[in-house]
Amino acid sequence: MLLTRLARVSREVAATSARSRKIALLAELFRDADADDVPIVIPYLAGRLPQGRLGIGWKILSRPVPPASEPSLTVREVDARLTELGAVTGTGSQAERARLMGELMAAATEDEQRFLFGLISGEVRQGALDAVAVEGLAEATGAPGADVRRAVMLAGSLQTVAQALLSHGPEALDGFRLTVGRPVLPMLAHTASSVSEAVEKLGACAVEEKLDGIRVQLHRDGDDVRIYTRTLDDITDRLPELTSMARELAHTRFILDGEVIALDENGRPRSFQETAGRVGSRVDVATAAKTVPVSPVFFDALSVDGQDLLDLPFTERHAELARLVPEPMRVRRTLVDGPADLPAAERFLADTLDRGHEGVVVKALDAPYSAGRRGASWLKVKPVHTLDLVVLAAEWGHGRRTGKLSNLHLGARNPDGSFAMLGKTFKGMTDAMLAWQTERLQELAVEDNGYVVTVRPELVVEIAYDGLQKSTRYPAGVTLRFARVVRYREDKPPAEADTVGTLLAAHPEVAR
DNA sequence: TTCCGACAGTGGGGTCGCAAT
DNA sequence: ATTGCGACCCCACTATCGGAA
């Protein structure tokens, strides 16, 4: 199949907002693909590269290359070239990869170049990624959508399922079962604004500590132990202490879901930056493990002794977990019958925060494990802080925000009346706010370099954020975590905006 | 030879708008 | 009304390459 066909379909998919139409377009293309094209066409149209990392980013991609006049590239040729490119390592590899990329781009038409750019930079912007491709695949093969979705969650990969489905038909889906050693997409949580809201929604529930660490899925089959991240990357080699712990458990075949976190000598959590840095270390794992040991904390069991627990209610899965894993390695929790028990839930949240953790996750006791979904039966609750900050500048948006000032640069007041930038945010604004701030900020503009519009620091905006973290990037040495806009405060002059001093005082553990 | 800046890739994420249910 | 998905981009970290010191 020719790449130009994919480029055209991708453009058509982007042009329609109806999901049903997107699905139909993808299905038509999947039907026409040769068996050998399938493992490439499917991920391409789901906006993903089968190769994963290529070592090619925005920098290299934005070098202009004159396009070919006639389409000639086949998807298989593109895939082969990218595989070759990704395999280049060692001295001079960066330049060699850039050269190969240039060659590929030169063989592509303008349309194809645009498609490749989006694919490799990870910004396809066609309004259809994995989930829509799954529906398209279902439509193309006549298999029920729910069955295909479930198979993808269990296989952890769309390609695998697509190949089986297209070569053997819908019966092939039966082959995708929960298997120890093969990672499953983890269940995710929604956010609730308070414990009472969460408990009212869920009724009988467990309130569990939310730890600010790295999600892990632990598989053990005899002596073989594997550890996967939220995106199913294999990080077994980076967490040797977890492997030995898993081998010491009495049972020999299981899949557990949990979190790893670095704790200090008093058992209090170290900063997320320290945990993430430790888990991200690959080169000298032994030293990293010694200086920043991590502790596992499990909260769910997906499989025990060959039995698939996914469809069991949480209560029963947790009973299995408790049988498997000793108490110190299970997440702290409390059970709540419903809204009448609210005070106990609130108390648990307060205690959790006192112990230095992020918040709680409230989980319905009767819910199954919805692999790969942001299920409504898990609700996280974290305290939210707010600040009144001053807009220092704004960046021009992309995609559906093209032509709008989007990403705000936020500043807190210094004692001398100047402002210290604390970070940026593009979150929390409605289309109406986006339109309004584009106008208003242009009135305040002192400079526009085509990318950033610098403004007079006169507009105050209320910002919500989750916490403070250390920063080497910003002048105050700190930055906001997960900052989002709440509302504009035109009633408030910048001289009354929050100061760096009050911010640091509110987070003594970070300010140190 | 060693150091350091730039880039790529991965971890953590919240909120909005729209289509579909 | 509610749910699911994609889009919008953030910051910190590590690893790697390639040029400067």
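Chain letters run A, B, ... following the sequence lines, proteins first and then strands; every chain starts at 1.
- As a whole-Å value, the separation of A:Arg99 CZ from C:dC17 P is 18 Å.
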task: Step by step, work out the salt bridge (Lys or Arg N to Asp or Glu O under 4.0 Å) result for A:Arg149 and A:Glu135.
output: CA-CA 8 Å; A:Arg149 212 174 306 126; A:Glu135 296 301 326; 2.8 Å; yes

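- Here A:Ser17 reaches the OP1 or OP2 of B:dA19: one of its side-chain N or O atoms lies under 4.0 Å away.
- Backbone-only contact: A:Val283 has heavy atoms under 4.0 Å from sugar-phosphate atoms and none from a base.
- Look at CG on A:Leu379: it is 15 Å from C1' on B:dG14, rounded to the nearest Å.
- Rounded to an integer number of Å, the gap from CZ of A:Arg401 to C1' of C:dC8 is 5 Å.
- Aromatic ring centroids of A:His507 and A:Tyr465 lie under 6.0 Å apart.
- Among the protein residues, A:Val132 comes within range of the sugar-phosphate backbone only, with heavy atoms under 4.0 Å from sugar or phosphate atoms but none that close to a base.
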Applying the Watson-Crick and G-U criteria (both distances under 3.5 angstrom) with [ ] for crossing and | for other-strand pairs, one obtains for DNA chain B ||||||.|||||.||||||||

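- Among the atoms of the strands shown, only primed sugar atoms or phosphate atoms (P, OP1, OP2) are found under 4.0 Å from some heavy atom of A:Ala95.
- Phosphate proximity of C:dC9 to A:His398: present, with a side-chain N or O under 4.0 Å from OP1 or OP2.
- DNA chain C is contacted by both A:Ser281 and A:Thr479; A:Thr479 maps to the nucleotide lying nearer its 5′ end (nearest heavy atom per residue).
- Judged by closest nucleotide on DNA chain B, A:Gly428 is the one of A:Ser20 and A:Gly428 placed further toward the 5' end.
- One interatomic measurement links the two molecules: CG of A:Leu422 to P of C:dA12, which rounds to 11 Å at whole-angstrom precision.
- Minimum atom distance to the side chain of A:Thr191 is reached by B:dG14, of the listed B:dG14, C:dC10, C:dG6.
- Ring geometry for A:Tyr488 against A:Trp436 counts as tilted: the plane angle lies between 30° and 60°, on a 0 to 90° scale.
- Pairs passing the side-chain hydrogen bond (donor to acceptor under 3.5 Å, both in side chains) check and including a residue from residues 13-24 of chain A, sequence neighbours excluded, do not occur.
- In this entry the distance linking CG of A:Leu468 with P of C:dC10 reads 19 Å, nearest Å.
- Partners of A:Asp147 under the side-chain contact (heavy atoms from CB on, under 4.5 Å) rule, at least two apart in sequence or in another chain, are A:Pro144, A:Leu173.
- Rounded to whole Å, the C1' atom of B:dG12 lies 14 Å from the corresponding atom of C:dC9.
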Quick tally for nucleotides 3-13 of chain B: nucleotides whose base has a protein heavy atom under 4.0 Å get B, sugar-phosphate-only ones S, the rest -, giving ----SSSSSBB

Mind listing the side-chain donor-acceptor pairs of residues 288-295 of chain A below 3.5 Å, one per line with the distance, residues two or more places apart or on another chain?
from: A:Thr291; atom 1: OG1; to: A:Thr287; atom 2: O; distance (Å): 2.9
from: A:Thr291; atom 1: OG1; to: A:Ala288; atom 2: O; distance (Å): 3.3

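- Position along DNA chain C of the nearest nucleotide to A:Arg19 versus A:Glu274 favours A:Arg19 as the more 5'-ward residue.
- Side chain of A:Arg484, nearest nucleotide from C:dC5, C:dA15, B:dG14: B:dG14.
- Set against B:dA19, C:dC8, B:dC16, the side chain of A:Thr430 has B:dC16 as its closest nucleotide.
- Partner of A:Leu185 under the side-chain contact (heavy atoms from CB on, under 4.5 Å) criterion, chosen from A:Asp130, A:Leu154, A:Leu232: A:Leu232.
- At a threshold of 4.0 angstrom between heavy atoms, the contacts of A:Tyr474 are confined to the sugar-phosphate backbone, with no base atom among them.
- Residue A:Asn407 has no polar side-chain atom (N or O) positioned under 4.0 Å from OP1 or OP2 of C:dC8.
- Residues passing the side-chain contact (heavy atoms from CB on, under 4.5 Å) test with A:Glu259, sequence neighbours excluded: A:Leu211, A:Arg215, A:Phe299.
- For A:Glu96, the salt bridge (charged side-chain N to carboxylate O under 4.0 Å, His left out) partners are A:Arg99, not counting sequence neighbours.
- Checking B:dC16, C:dC9, C:dA12 against every side-chain atom of A:Ser471, the shortest atom distance belongs to C:dA12.
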Side-chain atoms of residues 385-392 of chain A: list all donor-acceptor pairs with protein atoms under 3.5 Å, sequence neighbours left out, distances to 0.1 Å.
from: A:Asp388; atom 1: OD2; to: A:Lys492; atom 2: NZ; distance (Å): 2.6

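- Taking atom CG of residue A:Leu434 and atom P of nucleotide B:dT15, one finds them 16 Å apart after rounding to whole Å.
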Side chains of residues 476-485 of chain A: which donor-acceptor partners sit under 3.5 Å, not counting sequence neighbours?
from: A:Thr479; atom 1: OG1; to: A:Leu422; atom 2: O; distance (Å): 2.7
from: A:Arg481; atom 1: NH1; to: A:Asp212; atom 2: OD2; distance (Å): 2.7
from: A:Arg481; atom 1: NH2; to: A:Asp212; atom 2: OD1; distance (Å): 3.4
from: A:Arg484; atom 1: NH1; to: A:Asp466; atom 2: OD1; distance (Å): 2.8
from: A:Arg484; atom 1: NH1; to: A:Phe482; atom 2: O; distance (Å): 2.8
from: A:Arg484; atom 1: NH2; to: A:Asp466; atom 2: OD1; distance (Å): 3.4

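- Note: CZ (A:Arg473) to P (C:dC10) measures 9 Å, nearest angstrom.
- Taking atom CD on A:Glu135 and atom P on B:dA19, their separation rounds to 17 Å, with Å as the unit.
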